2 protein chains.
Amino acid sequence: MTLTSASARSVKGEKTRSLILEKAIELFRQRGYDETTMRMIAEHAGVALGNAYYYFASKEHLVQGLYEQLEAEQMDASTAVLAREKSFKNRLAGAILAELTVLEPYHRLCAALFKHAADPASPLSPFGPASEPIRNRVITSYARLVEGAHDTIPQDLKVDLPQLLWLFKMGVVLFWIHDRSFGRNRTYHLVSRSVDIIATLVSLMSMPIFVPVRKKLLKLMQGLKANPS
Amino acid sequence: MTLTSASARSVKGEKTRSLILEKAIELFRQRGYDETTMRMIAEHAGVALGNAYYYFASKEHLVQGLYEQLEAEQMDASTAVLAREKSFKNRLAGAILAELTVLEPYHRLCAALFKHAADPASPLSPFGPASEPIRNRVITSYARLVEGAHDTIPQDLKVDLPQLLWLFKMGVVLFWIHDRSFGRNRTYHLVSRSVDIIATLVSLMSMPIFVPVRKKLLKLMQGLKANPS
DNA sequence: GTCTATAACCGGATAGAC
DNA sequence: GTCTATCCGGTTATAGAC
């Protein structure tokens, strides 16, 4: 059987691969993205430049590992918050603040990476098909946030709210990336005030006058889902 | 007087400069941003590579001229719409659609440029200080959109609405950039439906129950303006 | 002091030998 | 699966021309 040697090879390959990724993340954190060269990464991992490209198609692809790691950490942090907070407002504010706390050590790096994320052609784009698994996981966690809230939320709104909150989170992160204020105070102000407004609007949404708005919202979101991307 | 020779030189320089810019935009449109090299631009303009860098600090700087040109065209297009539409809903939908129509021939280019715009460090970032003049012009045009609408809009909301609409426009453009649907249909659906919702919400905002929400919104926006960026 | 040209540098990416 | 050699393009250094 060639299976043994094949799997042996792939084990060795997996080792090299993770070593390269590990060193890359280490260097990205220490020196920033642009200041870290592929040659550096290869050297630190003890492999040739070309070999790094055998495992990772581009420098950007090296980042995806970091992305998934950060997403998992953010999920853990927000889950802990959701276990103790019961009001919609506190759940939303708490979850987002917890997520930002996870990202904080990577602020500089995130800013450098954001440009790649914004490129529709890049696999790192949070809106693209390649990041759908991550995106769905995050939206699901916002669905739990909504579902576990002790507030009165109209059933039809509950369907779309998780996606809208994900969008809101993206906006907050965009703001956070540009935020150069001391202690990231501007971002924290934005979060507390805008969450307050969102929570108030959500509670008002139960009123009868809002039925047409809710219907329109539902139709909008369904329309976006239906058509091909 | 050295003035004559000095100004003669600067006239010649200005000529070279605009020639390079013109050829750059031409090539960007024909071939896209990444596929256009600085060497190509220099060659088409009939100057040496280093000379292009004498006039433009980087490839990105060549884009800024295009930006301002597109902004002016968008302004003209939306102004024409505002002259004939009187309802807030039609003014908003019309203005945004007119602006998108201006951008349409540059869709591919805009997508390629967006990654640079998203980088907080880039002067092309629509949120950065370098693009404040452009940003203010656009927000002012949205203020005219609001001011000229025949709808009942609470006075305090009128203050912030232009900036919020600018933000909405940015979101629409982001969606449009990612939109690969035939005839950009997904974007047009998004615009018509979301403008409908915004208009409905704005009209509801006159109701007394919304006073607290409006106050919170005002405070949020003022807080963002107050703190240093 | 304003402008132009040539020759490099640097880093991401690729080709192809082993 | 790993290496070496090379390409390619943005950017810079610098020498000199007007």
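Chain A is the first sequence line, chain B the second, and so forth, proteins listed ahead of strands; every chain is numbered from 1. Predicted model, so just to flag it, every value in this text is computed and none were measured.
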Subject >> Within residues 15-37 of chain B, residues whose heavy atoms come under 4.0 Å of DNA chain C >> reply: B:Thr16
Tell me which donor-acceptor pairs under 3.5 Å the side chains of residues 159-167 of chain B have, and how far apart each pair is, sequence neighbours excluded?
none

Original post:
Counting side-chain heavy atoms from CB outward, which of D:dG1, C:dC3, D:dT11 is closest to B:Ser58?
Top reply: D:dT11
Original post:
To the side chain of A:Ala48, which of D:dG1, D:dC3, D:dT12 is closest?
Top reply: D:dC3
Could you tell me the separation between the [atom1] atom of [X] and the [atom2] atom of [N], rounded to a whole number of Å?
X	N	atom1	atom2	result
B:His61	D:dG10	NE2	P	16 Å
A:Lys59	C:dG12	NZ	P	4 Å
B:Met40	D:dG9	CE	P	7 Å
B:Leu49	D:dT14	CG	C1'	14 Å
A:Leu62	C:dG12	CG	P	11 Å

**OP:** Answer yes or no: does a side-chain N or O of B:Asn51 lie under 4.0 Å from OP1 or OP2 of C:dA5?
**Re:** yes
Original post:
Has A:Tyr53 got a side-chain N or O lying under 4.0 Å from the OP1 or OP2 atom of C:dT14?
Top reply: no
Original post:
Closer to the 5' end of DNA chain D via nearest nucleotide, is it A:Arg39 or A:Tyr54?
Top reply: A:Tyr54
**OP:** Measure the CG-OG1 distance between A:Leu174 and A:Thr187 for me, rounded to the nearest 0.5 Å.
**Re:** 10.0 Å
**OP:** Work out which heavy atom in B:Leu62 is nearest to a heavy atom in B:Ile41; give both atom names and the distance.
**Re:** CD1-CD1, 3.9 Å
Original post:
Of all heavy-atom pairs between B:Tyr33 and B:Lys59, which one has the smallest distance, and what is that distance?
Top reply: O-NZ, 3.1 Å
Original post:
What does B:Tyr55 touch in the nucleic acid at a heavy-atom separation under 4.0 angstrom: a base, only the sugar-phosphate, or nothing?
Top reply: sugar-phosphate
**OP:** Give every residue pair that meets the side-chain hydrogen bond (donor to acceptor under 3.5 Å, both in side chains) criterion with at least one member in residues 125-142 of chain A, sequence neighbours excluded.
**Re:** A:Glu71-A:Arg137, A:Glu99-A:Tyr142, A:Ser125-B:His178
Subject >> Qualifying residue for side chain to side chain contact (heavy atoms under 4.5 Å, CB included) with A:Trp176, from A:Val191, A:Leu190, A:Leu103 >> reply: A:Leu103
Original post:
Taking everything shown except B:Lys219 itself, do over 12 heavy atoms lie less than 6.0 Å from its NZ?
Top reply: no
